[in-house]
J.: 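Attaching a single structure in structure tokens format; questions to follow.
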Amino acid sequence: MSTKKMVSLFLIAMSMTLITPAFANNSSTIETPKEVMAKQIEARLVEIKKMDKSSLTTVEKKELRKEVKDLRKKATNNGIYLSVGAIIIIILLLILIL
């Protein structure tokens, strides 16, 4: 790969990291269904935490623990996140290989 091509690829990669979205300050008050669901889950977890668990039977405590586990699984997002740097490295590796 020539030096000229490497420099141009580097400049393109650096310019991609410096680009900012045009509507970054969009202060919309409309909540998405995911946000509503997250607030409901958080409220239920707080409610469970404040409960007096000393009067519950072992079966009820077990069900409560299961509910908390399920709510935490719903609350966490198990997606794959890539940083800008990782994407640039992947693109450069693909260019070098191909």
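All values derive from a computational prediction rather than experimental measurement.
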J.: More than 12 foreign heavy atoms under 6.0 Å from CE of Met37: is that the case here?
T.: no
J.: From Thr58 OG1 over to Glu63 CD, what is the distance, rounded to the nearest 0.5 angstrom?
T.: 10.0 Å
J.: Considering only heavy atoms from C-beta outward, does the side chain of Leu71 approach that of Ile48 to under 4.5 Å?
T.: yes
J.: Do Val68 and Lys49 pass the side chain to side chain contact (heavy atoms under 4.5 Å, CB included) test, and can you show the C-alpha distance, the side-chain angles, and the key distance before you say yes or no?
T.: CA-CA 10 Å; Val68 169; Lys49 190 174 184 179; over 6 Å; no
J.: Please say which of Ile88, Leu94, Ile90, Ile89 ends up in a side chain to side chain contact (heavy atoms under 4.5 Å, CB included) with Leu92.
T.: Ile88
J.: Applying salt bridge (charged side-chain N to carboxylate O under 4.0 Å, His left out), name anything that partners Glu42, two or more places apart in sequence or on another chain.
T.: none
J.: What residues form a salt bridge (charged side-chain N to carboxylate O under 4.0 Å, His left out) with Arg72, not counting sequence neighbours?
T.: none
J.: Less than 4.5 Å apart, any side-chain heavy atom of Leu56 and any of Lys53?
T.: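 Yes, at least one pair of side-chain atoms sits under 4.5 Å.
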J.: Work out which heavy atom in Asp52 is nearest to a heavy atom in Ser54; give both atom names and the distance.
T.: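 Smallest heavy-atom distance, with atoms named: OD1-OG, 2.9 Å.
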J.: Rounded to the nearest 0.5 Å, what separation is found between the CD1 atom of Ile91 and the CG atom of Leu96?
T.: 12.0 Å
J.: Run the salt-bridge test on Glu67 and Arg44 with the 4.0 Å N-O cut-off and return the result as yes or no.
T.: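 Salt bridge present between Glu67 and Arg44.
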J.: Count the heavy atoms of every other residue, nucleotide or ligand shown that sit under 6.0 Å from NZ of Lys62, and state whether that count exceeds 12.
T.: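 No, because the 6.0 Å sphere around NZ of Lys62 holds 12 heavy atoms or fewer from other groups.
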J.: Quick check for you: to the nearest 0.5 Å, what is the distance between Met51 atom CE and Lys61 atom NZ?
T.: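 Answer for the CE-NZ pair, Met51 versus Lys61, is 11.0 Å.
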